[in-house]
Amino acid sequence: MEKKQRSTWWLTAILAGLLVLLCSGMILRGISGIAQLFRTFLLGIVIAFVLNQPSEFIQTFLIQKAKWRKKPAKVVGILGAYLFVLALLAAVIGVVIPQLIDSVRTFAMHMDEYLTNLQQELDRITIPLGLQRIDLSNLMELAHVGLGKFDAAVVPRILSVTGTMLRALGTLAIGIAFSAYLLAGKQRILSQVRRILRAYLPEQTYEQVHSVLHVIVDCFRNYLIGQTTEAAILGSLCFIGMLLLRLEYAGVVSVVVGITAMIPILGAYIGGIVAVILLFMISPWKAMLFLVFFVILQQVENNVIYPRVVGGRLGLPGIWVLLAITVGGQIGGVVGMLFGVPITTVLYTLLRNSVRSREDKKSSR
């Protein structure tokens, strides 16, 4: 028993050491280069990981409730997961894209009016306080010049974007095909991996590695499900609230808030700041109204939604979530923020299990 606990402790220490080594720019560049070479297959692994949960849910329902056989239930479960995500994306795009087009068109048509309103509000604030006047005339000229250059280069830009989209679609198609293969043969693949590990590792080490891998998969799955659900709820509530308050750019702002909410705790504030700046250019009163609404929404999110949807799944204290976001952002930017929380959750869970095991052993003496 003591050897098993010692192995768990050393494995946790090794993982923590690897996390520290990731701070090295050379290692990060090396990992980035390898990821670029295998990006299509890594994309397939990510897609398979995301679709595994809905696929298993459909299979379980068909087998237990509808009394289907395993093989047809498996096929229908995989196809159902892809169709569900495709329908969800189509619904979101059908709602968001028209909103984005209308918002961009409206903003471009009223940009001069927005900048003039912003200039007047800044003058109203700075002049009575005796501060230096903030002149936005250069910004107005720059905006007009930028729009002129955009119109002149619109054709080359469209061609460039089209080529990039075609390459991305090709990569996505191969990644989806690879993910389908993983979902269909995951039992055989996992069995082969277990056989390899059991063949080359001592039994005790194999058990420890298996336990650690189980913790990693559980932490990432819980984080993905919880954070996605929380972001969808927050974006939907923001959209409904802005429609009720009759605020402009409800679709764009809600999408930004929902996407940035994938970054725990701090993400939604980024979207809120963007919305306040955008609405302030239209009307300071509307910006203040949205700010009050967003503060109330954040209180509901932090005290009701996040603890129940995400916090209960991760079991990670808030201080460690904040630390993971900060350190992850310093190491890898936005990607580091996204992956910092589940990685920290893995380390926290492994260390917590090791500490509890040692405490139980000492108390039993």
Side-chain angles (χ1 to χ4, degrees), residues 46-47 49-51 53-54 81 84-107 220-282 286-314 318 321-322 324-325 328-329 333-335 337-342:
V46 172
I47 294 174
F49 187 83
V50 172
L51 295 181
Q53 197 72 14
F84 170 75
V85 173
L86 183 62
L88 186 62
L89 289 176
V92 172
I93 291 174
V95 174
V96 172
I97 295 300
Q99 286 277 341
L100 285 174
I101 294 174
D102 291 341
S103 299
V104 172
R105 185 186 295 116
T106 303
F107 186 81
F220 273 84
R221 179 173 58 241
N222 291 335
Y223 172 77
L224 177 65
I225 296 174
Q227 200 64 42
T228 303
T229 305
E230 190 262 349
I233 293 174
L234 186 63
S236 301
L237 291 177
C238 182
F239 182 73
I240 294 172
M242 292 188 70
L243 287 181
L244 293 176
L245 295 174
R246 297 183 179 181
L247 297 175
E248 288 83 354
Y249 306 114
V252 176
V253 170
S254 301
V255 171
V256 172
V257 170
I259 293 175
T260 55
M262 289 297 295
I263 302 174
I265 299 179
L266 301 179
Y269 289 101
I270 299 174
I273 292 173
V274 172
V276 169
I277 295 174
L278 187 62
L279 291 173
F280 187 83
M281 297 176 69
I282 301 174
K286 291 184 177 181
M288 182 62 66
L289 181 61
F290 174 81
L291 183 61
V292 173
F293 161 71
F294 191 73
V295 168
I296 297 174
L297 181 61
Q298 280 299 104
Q299 292 301 314
V300 175
E301 190 263 346
N302 291 332
N303 295 293
V304 179
I305 300 175
Y306 192 89
R308 296 177 183 273
V309 177
V310 183
R313 286 184 172 272
L314 292 181
V321 174
L322 186 59
I325 296 170
V334 176
V335 177
M337 290 182 180
L338 290 174
F339 286 94
V341 173

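All of these numbers come straight from a predicted model, not from anything done at the bench.
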Engineer: Hey, are the side chains of Leu245 and Lys286 touching, using non-hydrogen atoms and a 4.5 Å cut-off?
Structural biologist: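 When only atoms from C-beta onward are counted, Lys286 and Leu245 do not touch, as no gap falls below 4.5 Å.
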Engineer: Which heavy atom of Gly241 sits nearest a heavy atom of Phe293, and at what distance?
Structural biologist: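 Result for this residue pair: CA-CZ, 3.6 Å.
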Engineer: Quick one: CG on Leu237 to CD1 on Ile296, what's the gap to the nearest 0.5 Å?
Structural biologist: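 If we round to the nearest 0.5 Å, Leu237:CG and Ile296:CD1 are 12.5 Å apart.
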Engineer: Rounded to the nearest 0.5 Å, what's the gap from CD1 on Ile273 to CG on Leu291? Could you check?
Structural biologist: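 Result: 10.0 Å between the selected atoms.
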Engineer: Which heavy atom of Thr228 sits nearest a heavy atom of Leu224, and at what distance?
Structural biologist: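 Looking at all heavy atoms of both residues, the closest pair is OG1-O, 2.7 Å.
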Engineer: Are any of the side-chain heavy atoms of Val257 and Phe294 separated by less than 4.5 Å?
Structural biologist: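 Yes, their side chains come closer than 4.5 Å.
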Engineer: For Val276 and Phe290, which heavy atoms make the closest approach, and how far apart are they?
Structural biologist: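 Nearest pair, atom of Val276 first, then Phe290: CG2-CD2, 3.8 Å.
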Engineer: Using side-chain heavy atoms (C-beta onward) and a distance below 4.5 Å, is Leu243 in contact with Phe239?
Structural biologist: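 Yes; the side chains approach each other to less than 4.5 Å.
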Engineer: Does atom CZ (Phe84) have a neighbourhood of more than 12 heavy atoms from anything else shown, all under 6.0 Å?
Structural biologist: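 Not buried by this count: 12 neighbours or fewer within 6.0 Å.
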Engineer: Write down the atom of Gly235, the atom of Ser254, and the distance for their closest heavy-atom approach.
Structural biologist: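 Result for this residue pair: O-CB, 3.5 Å.
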Engineer: Of all the heavy-atom pairs spanning Gln227 and Ala261, show the shortest one and how long it is.
Structural biologist: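 So the two residues come closest at NE2-O, 2.7 Å.
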Engineer: Which pair of heavy atoms, one from Arg221 and one from Phe49, lies closest together, and at what distance?
Structural biologist: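 Closest pair (atom of Arg221, atom of Phe49, distance): N-CZ, 3.6 Å.
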